[in-house]
J.: 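Attaching a single structure in structure tokens format; questions to follow.
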Amino acid sequence: MSQYGLGMTLAAPRLLLSCVTAASLAAAVALPATAAGGGGGDGDRTGRAAAPGQAGRHPGGHGKDLPKVPVMRGSGGAVSSVDQQASQVGIDVLRAGGNAADAAVATAAALGAVEPYTSGIGGGGFFVHYDAKTGRVSTIDGRETAPKSFTDKAFLNPDGTPVNFDKAVNSGLSVGAPGTPATWAAAVDRFGTRRLGDLLKPAERLAREGIVVDQSFHDLTAENEKRFAMFPETARVFLRDGKAPAVGTRWNNPDIARAYREVRTHGIASLYGGKLGRAVVAEASDPHTAPGVEVPRGQLTLGDLRAYDVVHRKPTHTTYRGLDVYGMPVPSSGGIAVGEILNLLESYDRRTGTSLSEVSNAEYLHRFSEASATAFADRNRYVGDVSGVPTNELLSQGFANERSCLFDADKAQPRPIPFGQPDGDYSACGTAKKTTGLPNDGRSTTSLSVADRWGNVVAYTLTIEQYGGSGITVPGYGFLLNNELTDFNFAPVQPGVPDPNLPGPGKRPRSSMSPTIILEDGTPILSVGSPGGATIITTVAQVITEHLDRDLALVDAIAAPRLSSRNGTEDAEPALLGSADGSALKALGHQLRESAVIGNAAAIRINGRDDFEAAAETTRRSGGSAMVVHPAR
Ligand code: GLU
């Protein structure tokens, strides 16, 4: 049990209950503000220690800054993200009368300034939106896209073997046409009330003012020192004398402020065919490298940028415990896989007559692992940016019933679990035989949730793929280019089995990002998302089930030790591995592998009209930042 709440064991109607505990609220009030903006002059990259008292006021806002806490309840709207300054930017937009889409865009842009290794102008993402006026959930697919010249051989050496993965990561070849600025423009245009240029101003200011380097920023920079050193512009912007800036010093990035200013004043057209776009193409196609370093060149052209557009897609939908779960469709596998996991769990509940809320924690985790591994078997076989992905069948309860028939309370199924046949005929049990290999996966990205007082809700997950993306910084503009195209499988993961995630011209690599909005009787009750590569899927599904089925307060569901079972790899955080539950899972045959940190979730529980509970990480990655416009007293 985390320090932030007590497990809820309250009686039904569970879903309508307020889920914040007295302990959580006390924590919200007690924790001090840390590392907020303020101070720090333009153009300062000296690394001087931050002066005391710089934390606190965030210039340009509309009221007092809120503290950095992992849970906050109140009214007026809510923002949850991984960063205090970014959440504050979103709250300021809500305070000033902006809506959820406005605040989500401003928060995301701020993250690009203060969390430059996980997202930014050079990346892409998925925006899921609930519109209170229409009652509809819709999505914006702002995924990075392969150049027109990209073929299924793009990541093969001349002898037909796959290019070394690290070599592909640190290269122009992996850079897809960025979709993030187009997503912002589309979100504001479709759902917002503010001008995009105005929503970018706080990010520009934060980039100039900079941040006080915390442990997480330091560690991520230190992990990347070697590859950042391959690219002189990246070393100049992000390193000091070749090293990560020290914790407690100030780091700023006036170059990215210039990039925001360029988009603010010339619109996203500057990226999609103009000055910024030319700078991106020049760097991706022939990256500047340190003496003696050679990296593969990219194929991105100005034509690819001109041709880029977001896609407005129908969300995935499944029902779970009578709730409506909406997620991100192809090219993400997130909505399909999260939905299938939930369907499998519900199906197995029915088969056994015991629901997830009634079983021991070890049995819950066992069921969760079996469901996750099964969903990954199907995801790896069927999901990619190709036509004819059987989304409806993969999300049908019939398919889940057939697929859960081999779950055994006494033992884990051997991995890899074969993929199923989503063919509409679900009478078979145990006939699946074929498996696929394991695709590569990383652990980066960022996610945020916003809800406003009018009832609109956003779940938005965005990325530049790896921490630090391709490692290539656009000269003079201070942002990292994505390496999203490494999310393609370089070669078929299983010879003889069709692979929907091979590279292709204008194709979008399969993603695991899973921004999710859940409705009860047509009204949103939960918005959730997480970073973490393929573990995003299991993190989101685990938070949902820990909260809805296991009766944990949302912040405790986020803090709970994570298990990520992906059909061949089963990662567990140390707190789980070393626990009685970990031992019980091993005794059932689960081959657990220790993983220090899984995910970094941000979520909002909507308890009723204008009653929000924002929740974020308590300790992972230095903790997240949950805020509401008017905190409850
Ligand atoms: N590229 C990953 C995806 O779209 C996200 C990056 C990561 O979290 O590693 O699924």
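Owing to the predicted nature of the structure, the values given are computational and were not obtained by experimental measurement. Note that ligands are numbered from 1 as they come in the structure, with each ligand's atoms numbered from 1 the same way.
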J.: For Arg143, is the nearest heavy atom under 4.0 Å from an atom of ligand 1?
T.: yes
J.: Need the ligand 1 atom indices (1-based, order shown) with element for anything under 4.0 Å from a heavy-atom of Thr463.
T.: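 What qualifies from ligand 1 is 5 (C), 6 (C).
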J.: Between Phe191 and His129, what is the ring plane arrangement, given parallel below 30°, perpendicular above 60°, and tilted in between?
T.: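 Judged by the thresholds at 30° and 60°, the geometry between Phe191 and His129 is parallel.
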J.: Please verify the inter-ring angle class for Phe150 with Phe488; under 30° counts as parallel, over 60° as perpendicular, anything in between as tilted.
T.: tilted
J.: Between Pro531 and ligand 1, does any nitrogen or oxygen pair lie at a separation below 3.5 Å?
T.: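 In fact, backbone or side chain, Pro531 has no N or O that close.
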J.: Could you check whether Tyr117 and Phe217 have their ring centres less than 6.0 Å apart?
T.: yes
J.: Taking NZ, NE, NH1 and NH2 as the nitrogens, is one of them in Arg620 or Glu573 under 4.0 Å from a carboxylate oxygen of the other?
T.: yes
J.: Ignoring hydrogens and angles, tell me if any N or O in the side chain of Asp304 forms a donor-acceptor pair with the backbone of Pro147 under 3.5 Å.
T.: no
J.: With a cut-off of 4.0 Å, which atoms of ligand 1 are near a heavy atom of Gly532?
T.: 8 (O)
J.: Using a 4.0 Å cutoff against the non-hydrogen atoms of Asp487, which atoms of ligand 1 qualify?
T.: 1 (N), 2 (C), 3 (C), 4 (O), 10 (O)
J.: Please could you name the atoms of ligand 1 that Gly533 approaches to less than 4.0 Å, counting only its heavy atoms?
T.: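 Per the distance check, 7 (C), 8 (O), 9 (O).
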J.: Can you sort out which atoms of ligand 1 are near Glu484, meaning under 4.0 Å from one of its heavy atoms?
T.: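 Contacts of ligand 1 toward Glu484, numbered from 1: 1 (N), 2 (C), 4 (O).
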J.: Which one holds for Gln466 and ligand 1: side chain close, backbone close, both close, or neither close, with close meaning a heavy atom under 4.0 Å?
T.: neither
J.: Distance check, rounded to the nearest 0.5 Å: Thr445 atom OG1 versus Ile536 atom CD1?
T.: 4.5 Å
J.: Pairs of nitrogen or oxygen atoms closer than 3.5 Å, one from Ser511 and one from ligand 1: do any exist?
T.: yes
J.: For Arg562, is there an ion pair with Glu617 - N to carboxylate O distance below 4.0 angstrom?
T.: yes
